[in-house]
Amino acid sequence: MCNCSQLASIVPGHDENNPLGPLDELEWDPSRWATLNRCSDCNQLWHIDIAKADQIGLCIKLAEEADWTKLDMTQTRVQMMVNNHGGLSFDTCRWKQCNNNCVKGLAFCPQHAYFDMDIKV
């Protein structure tokens, strides 16, 4: 028996560390580093990240297959990176002409840390 109904809509995990139980892989998209899966028991659809060393993997519930192609978790990943560092500091980002607050322990705001400095965890 699955536990899909008790799980949140976003669960940390990836293809090598899947907390969801038995799934049937429906699609694999290497350009998105993800797979589309269906729970063998309840038919819940899941987007599951393919493991990457520099990124926190996510398993995301999907309402229907069409959601798979529209899913963009970029801002969720940016926020997870900020949370993993303990939030924001009162320091100002050192990126040229940026006045946003830094991620704690970093010299850059969330956008510059994630997109320009490639800090994903």
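One is the number of the first residue; the rest follow in order along the sequence.
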Undergrad: Under the 3.5 angstrom rule, does the side chain of Lys61 hit a backbone N or O of Cys4 as a donor-acceptor pair?
TA: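 Looks like yes, one N/O pair under 3.5 Å.
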
Undergrad: How many angstroms lie between CG in Leu7 and CH2 in Trp46, if you round to the nearest 0.5 Å?
TA: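 The CH2 atom of Trp46 is 5.0 Å from CG of Leu7, to the nearest 0.5 Å.
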
Undergrad: Is there side-chain contact between Ile119 and Leu106, with at least one heavy-atom pair below 4.5 Å?
TA: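 Yes, side chains in contact.
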
Undergrad: Would you name the heavy atoms of Cys39 and Leu23 that are closest together and state the gap between them?
TA: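 Closest pair (atom of Cys39, atom of Leu23, distance): CA-CD2, 3.4 Å.
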
Undergrad: Looking at CD of Glu16 and CD1 of Ile48, how far apart are the two atoms once the value is rounded to the nearest 0.5 Å?
TA: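 One gets 12.0 Å once the value is rounded to the nearest 0.5 Å.
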
Undergrad: Using a cut-off of 6.0 Å, state whether more than 12 heavy atoms not belonging to Gln6 lie near its atom CD.
TA: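 Yes, enclosed.
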
Undergrad: Walk me through whether Ile10 and Thr76 qualify under side-chain contact (heavy atoms from CB on, under 4.5 Å).
TA: CA-CA 10 Å; Ile10 301 174; Thr76 300; 4.1 Å; yes

Undergrad: Considering all heavy atoms of both residues, which atom of Pro19 and which atom of Gly13 are nearest to each other, and what is their separation?
TA: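 In terms of heavy atoms, the two residues are closest at CD-CA, 4.2 Å.
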
Undergrad: Under 4.5 Å between any side-chain heavy atoms of Cys42 and Cys2, yes or no?
TA: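 Cys42 vs Cys2: side chains touch.
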
Undergrad: Tell me if a side-chain donor or acceptor on Asp49 pairs with a main-chain N or O of Leu58 at a distance below 3.5 Å.
TA: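 At least one qualifying donor-acceptor pair exists.
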
Undergrad: Out of curiosity, Leu71 CG to Leu62 CG, how far, rounded to the nearest 0.5 Å?
TA: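 One finds 6.0 Å between CG of Leu71 and CG of Leu62.
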
Undergrad: Any idea how His112 and Trp95 line up, ring-wise: parallel (<30°), tilted (30 to 60°), or perpendicular (>60°)?
TA: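 Aromatic pair His112/Trp95 classed parallel.
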
Undergrad: Testing the basics here: between Lys104 and Leu88, what is the closest heavy-atom pair and its distance to 0.1 Å?
TA: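 So the minimum-distance heavy-atom pair works out to CE-O, 3.3 Å.
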
Undergrad: Do the non-hydrogen side-chain atoms of Val103 and Met81 ever get within less than 4.5 Å of each other?
TA: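 Contact flag for Val103/Met81 side chains = yes.
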
Undergrad: Are Tyr114 and Phe108 grouped together when hydrophobic residues (ILVMFWY) are joined by side-chain heavy atoms under 4.5 angstrom apart?
TA: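 Both belong to a single hydrophobic cluster.
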
Undergrad: Would Arg77 and Asp72 pass as an ion pair if we require N to O under 4.0 Å?
TA: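 Judged by the 4.0 Å cut-off on N to carboxylate O distance, Arg77 and Asp72 do not form a salt bridge.
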
Undergrad: Is there a side-chain contact between Asn101 and Asp91 (heavy atoms, below 4.5 Å)?
TA: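 Asn101 does not reach Asp91 side chain to side chain.
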
Undergrad: Are Met73 and Phe115 co-members of a hydrophobic cluster defined by side-chain heavy atoms under 4.5 Å apart?
TA: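 Phe115 does not cluster with Met73.
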
Undergrad: Are any of the side-chain heavy atoms of Leu36 and Trp28 separated by less than 4.5 Å?
TA: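 No, every pair of side-chain atoms sits at 4.5 Å or beyond.
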
Undergrad: Drop me the distance from Asn3's CG to Gln44's CD, to the nearest 0.5 angstrom.
TA: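 Result: 11.0 Å between the selected atoms.
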
Undergrad: To the nearest 0.5 angstrom, please state how far the NE2 atom of His14 sits from the SG atom of Cys59.
TA: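 Going from NE2 on His14 over to SG on Cys59, the span is 8.5 Å.
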
Undergrad: Between Arg38 and Glu25, is there a side-chain N and carboxylate O pair less than 4.0 Å apart?
TA: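 No salt bridge links Arg38 with Glu25.
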
Undergrad: Once rounded to the nearest 0.5 Å, what's the spacing between atom CH2 of Trp68 and atom CG of Leu26?
TA: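 Answer rounded to 0.5 Å: 9.5 Å.
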
Undergrad: Does some side-chain heavy atom of Gln75 sit less than 4.5 Å from a side-chain heavy atom of Gln111?
TA: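 Yes, close enough: below the 4.5 Å cut-off.
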
